[in-house]
Amino acid sequence: MDCIFCRIIAGEIPAQRVFEDEHTLAFMDINPVSEGHLLVIPKTHVARLFDADPQLLTHTIHTVQRMAKALQTALGVRNLNLLQNNGKAAFQSVDHLHFHLIPRREGDGIGFGWRLVPGDQEVIRQAALRISGVLQQS
Ligand code: 5GP
Ligand code: ZN
C-alpha cells in the first residue's frame, strides 16, 4: 500500500489521532497551518471528490462537523476554514480524499493566495450555461 493516509488508517504510520468511527478518521496535520489544524478522511481509499461515493461523503462531512464542534469546545475556535484540495494544481499533495479543518484567529495573517478581482460577466455566464447544461442532462 503506497498511500500514506491508508497507512495511517492501518496504524502502520503514527499520527495524532483524535477520533475514529467505522467510516472515518480524524488526526492532526503534521504541518499545521494554525493551532488545531485537523484532517478528516474516509477509511475507504478514494483519491478525489470526483470519484467519491455520496454515502462515504455523508459519513465524512458528519465527522468534519463533529470535529469543528470539538475544536470550538476544546480550543475556543470561532473561525474556521474548511479546505478540500483536488489535483496537483489545487495543491493536493496526498492522493487520499481529505478535508482540512483550519482554525482561524483575528489577524493571524494566514492567506490562501487568491485575490478578489471581479470577473468578466460574459465569461461567468458562459461557464454557468455549460454547467447548467450538463446538470439538466443528468
Ligand atoms: P493537501 O495538500 O494534499 O491538501 O494536504 C495534505 C496534508 O497532509 C498536508 O497539510 C500535510 O501536512 C499532511 N500530511 C502529509 N503527510 C502526513 C503524515 O504523514 N501525517 C500527518 N499527520 N499529516 C500529513
Ligand atoms: Zn489511501
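For ligands, and for the atoms within them, numbers begin at 1 and follow the listed sequence. Along the sequence shown, residues carry numbers from 1.
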> With a 4.0 Å cut-off on heavy atoms, does Gln16 reach ligand 1?
Replying inline: no
> For atom 3 (O) of ligand 1, what is the nearest protein heavy atom, given as residue, atom name and distance?
Replying inline: Ser93 N, 2.6 Å
> Among all protein non-hydrogen atoms, which one is nearest to atom 11 (C) of ligand 1, and what is the separation to 0.1 Å?
Replying inline: Asp29 OD1, 3.4 Å
> For atom 23 (N) of ligand 1, which protein heavy atom lies nearest, and how many Å away is it?
Replying inline: Ile30 N, 3.3 Å
>> Closer than 4.0 Å to some heavy atom of Phe27 - which atoms of ligand 1 meet that?
In response: 21 (C), 22 (N)
>> Quick one, His100 with His98, criterion ring pair (Phe, Tyr, Trp, His ring centres under 6.0 Å). Give me CA distance, side-chain angles, the key distance, then yes/no.
In response: CA-CA 7 Å; His100 294 262; His98 53 280; 5.1 Å; yes
>> Suppose we measure from atom 1 (P) of ligand 1 to each protein heavy atom; which comes out shortest, and what is that distance?
In response: His98 NE2, 3.1 Å
> Under 4.0 Å from any heavy atom of Gln92, which atoms of ligand 1 are there?
Replying inline: 3 (O)
>> Just checking Gln65: does its CD atom have more than 12 heavy atoms from other residues, nucleotides or ligands closer to it than 6.0 angstrom?
In response: no
>> Taking 2.8 Å as the distance threshold, tell me the number of protein N/O/S atoms next to the Zn ion (ligand 2).
In response: 4
> In the protein, which heavy atom is nearest to atom 19 (O) of ligand 1, and how far is it?
Replying inline: Ile4 CD1, 3.6 Å
> In this structure, are over 12 heavy atoms from other groups packed under 6.0 Å from Arg105 atom CZ?
Replying inline: yes
> Does the side chain of Thr24 come within less than 4.5 Å of Phe19's, by heavy atoms?
Replying inline: yes
> Numbering the atoms of ligand 1 from 1, which are under 4.0 Å from a heavy atom of Phe91?
Replying inline: 1 (P), 2 (O), 3 (O), 4 (O)
> Does His100 have a heavy atom less than 4.0 Å from any atom of ligand 1?
Replying inline: yes
> Considering only the protein, which heavy-atom contact is closest to atom 8 (O) of ligand 1, and what is its distance?
Replying inline: Phe5 CZ, 3.5 Å
> Nearest protein heavy-atom contact for atom 15 (C) of ligand 1: which residue, which atom, what distance?
Replying inline: Val94 CG2, 4.0 Å
> Hey, is Ile8 one of the residues with a heavy atom under 4.0 angstrom from ligand 1?
Replying inline: yes
> Is the shortest distance from a Lys or Arg side-chain nitrogen in Lys43 or Glu22 to a carboxylate oxygen in the other one below 4.0 Å?
Replying inline: no
>> A side-chain contact here means heavy atoms from C-beta on lying under 4.5 Å apart; do Ile41 and Thr60 qualify?
In response: no
>> Show me which atoms of ligand 1 lie under 4.0 Å from any heavy atom of Asn31.
In response: 11 (C), 12 (O)
>> Using side-chain heavy atoms (C-beta onward) and a distance below 4.5 Å, is Val46 in contact with His96?
In response: no
> Is Leu97 close to Leu56 at the side-chain level, that is, under 4.5 Å between some pair of heavy atoms?
Replying inline: yes
>> For Lys69, is there any backbone N or O sitting under 3.5 Å from a side-chain donor or acceptor partner on Thr73?
In response: yes
>> With a 6.0 Å cut-off (strictly less than), is the heavy-atom count around CD of Gln16, excluding the residue itself, greater than 12?
In response: no
>> Only heavy atoms of Asn85, strictly under 4.0 Å: list the atoms of ligand 1 that pass.
In response: 1 (P), 2 (O), 4 (O)
> Any chance CZ of Phe91 has more than 12 other-residue heavy atoms, nucleotides or ligands included, within less than 6.0 Å?
Replying inline: no
>> Any donor-acceptor pair under 3.5 Å linking the side-chain atoms of Arg104 with those of Asn81?
In response: yes
> Using heavy atoms and a threshold below 4.0 Å, how should the contact between Leu39 and ligand 1 be classified: side chain, backbone, both, or neither?
Replying inline: side chain
>> Can you report which non-hydrogen protein atom sits closest to atom 22 (N) of ligand 1, along with the distance?
In response: Met28 O, 2.9 Å
>> Quick check: do Leu83 and Phe112 have side-chain heavy atoms less than 4.5 Å from each other?
In response: yes
>> Within the supplied structure, the quantity of interest is the number of heavy atoms (other residues, nucleotides, ligands) at a distance under 6.0 Å from His45 NE2; does it exceed 12?
In response: yes
